[in-house]
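Take a look at the structure below.
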Protein chains: 2
Amino acid sequence: MITVDLTKNQTLVLNTLSRASGPLSAYTILDQLRAEGFRAPLQVYRALEKLLERGLVHRLESLNAFVACAHDHDHAHGLTAFAICEKCGQVSEFSDEIVEGRLKDWAGKSGFRAAKTTIEIRGNCANCA
Amino acid sequence: MITVDLTKNQTLVLNTLSRASGPLSAYTILDQLRAEGFRAPLQVYRALEKLLERGLVHRLESLNAFVACAHDHDHAHGLTAFAICEKCGQVSEFSDEIVEGRLKDWAGKSGFRAAKTTIEIRGNCANCA
DNA sequence: TTGACATATGTAATAACGTTACATATCCAT
DNA sequence: ATGGATATGTAACGTTATTACATATGTCAA
């Protein structure tokens, strides 16, 4: 077992995101956890930071919000892309080796060392379109 | 000539971004334009909104900041990707038809109607790496 | 078991980013 | 010149994120 246990606050934040049907802002998470004793944004941001490091949670940059990772556990995934429905808020997570490869190629020939890549498609999902 | 003239505020904001060596936040733009009479964030956001619509400016979602488009004028470009150096702040703009095609394919088979796509690579540029 | 260090937590204050609401001005076609 | 659309000015507020500082808890080695 490589996995380190989550702390109490990390568990609370992850559970909140897992139960949600869509992305939540840090402040929404805070509000949902006031009953559990949360009082300040930092409690949420600190838990999110650890969860992001472990890939259990993703940050949606174009939304300033967070979602639980759709995949099981800690399995390392490559580049993840997100499709975000602006009507219903649903987020689909997918990856594409070819896209990943093309971006790697660009980085290679430009000498750019990539640390993190964000791909977010905003629009309307099949149900809402 | 299809192009509509920019207003005074739009011109000021675009010039500020064009002169900058990297992305600027709306509030940094505001500060740089106080001498020209800017007093409130809304003056900046309103100008940015129009400039974004016309493709003269891009918003970097992962930075909450804005850059002047690297290309000439109003020419419609497809999907644009950004590589953002976290050391020197320099931003490179590029596009890749294959990436664009793959994302379109994904949208097609998922029934997702894309309105806007964000691709941002954070890391270090060739000079800084 | 104690002491030293790293990690986690609690709390307040503040900074940074963005929007709503409302009033006024300017442009342009009729 | 007047009516509508667009642009601007200003204040207040809402939302997102960080800094600073104090306290607690866990781990490991002497």
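Letters A, B, ... mirror the listed sequences (proteins, then strands); counts begin at 1. All values below come from the heavy atoms of this structure, side chains included, with hydrogens, waters and symmetry mates left out.
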query: Taking it one step at a time, do E53(B) and E49(B) satisfy side-chain contact (heavy atoms from CB on, under 4.5 Å)?
result: CA-CA 6 Å; E53(B) 274 171 14; E49(B) 182 182 11; 4.3 Å; yes

message: Between P41(B) and K8(B), which residue's closest nucleotide on DNA chain D lies nearer the 5′ terminus?
response: K8(B)

query: Rounded to whole angstrom units, what separation is found between the CG atom of L42(B) and the P atom of dA23(C)?
result: 16 Å

message: Check this one for me: any side-chain N or O of R59(B) less than 4.0 Å away from OP1 or OP2 of dC17(C)?
response: no

query: Can you list the stems that DNA chain D is part of, where a stem is at least 3 pairs in a row, each Watson-Crick or G-U, with both distances below 3.5 Å?
result: C:1-30 with D:1-30

task: Evaluate the side-chain proximity of C88(B) to C125(B): yes if any heavy-atom separation is below 4.5 Å, no if none is.
output: yes

Atom pair CZ/CG of F66(A) and L14(A) - distance to nearest 0.5 Å: 13.5 Å

- prompt: How long is the line joining CD of E61(A) and C1' of dA17(D), in whole Å?
  reply: 13 Å

- prompt: Donor-acceptor pair, E36(B) side chain versus L33(B) backbone, under 3.5 Å?
  reply: no

message: Using a 4.0 Å cut-off on heavy atoms, which residues in residues 17-40 of chain A reach DNA chain D? List them by number, or say none.
response: S25(A), Y27(A)

query: Do F94(A) and L103(B) come close enough that some side-chain heavy atom pair is under 4.5 Å?
result: yes

- prompt: Has Q43(A) got a side-chain N or O lying under 4.0 Å from the OP1 or OP2 atom of dT9(C)?
  reply: no

- prompt: CG of L63(B) versus P of dG18(C): gap in Å, rounded?
  reply: 11 Å

message: What is the distance, to the nearest angstrom, from the CD atom on Q10(B) to the P atom on dG9(D)?
response: 12 Å

query: Given the rule in the side-chain contact (heavy atoms from CB on, under 4.5 Å) test, do V13(B) and F38(B) qualify, once you have shown the distances and angles that lead to the verdict?
result: CA-CA 10 Å; V13(B) 168; F38(B) 272 47; 4.0 Å; yes

message: Side-chain N or O of T7(A) versus OP1/OP2 of dT9(C): is the shortest distance under 4.0 Å?
response: yes

- prompt: Does a side chain donor of either E120(A) or S62(A) reach within less than 3.5 Å of an acceptor in the other side chain?
  reply: yes

field: Contact list for DNA chain D against residues 44-53 of chain B - heavy-atom distance below 4.0 Å
entry: R46(B), K50(B)

query: Under 4.0 Å between a side-chain N/O of N64(A) and OP1 or OP2 of dG18(C), yes or no?
result: no

message: Please report the distance, rounded to the nearest Å, between CZ in R54(A) and C1' in dT7(C).
response: 14 Å

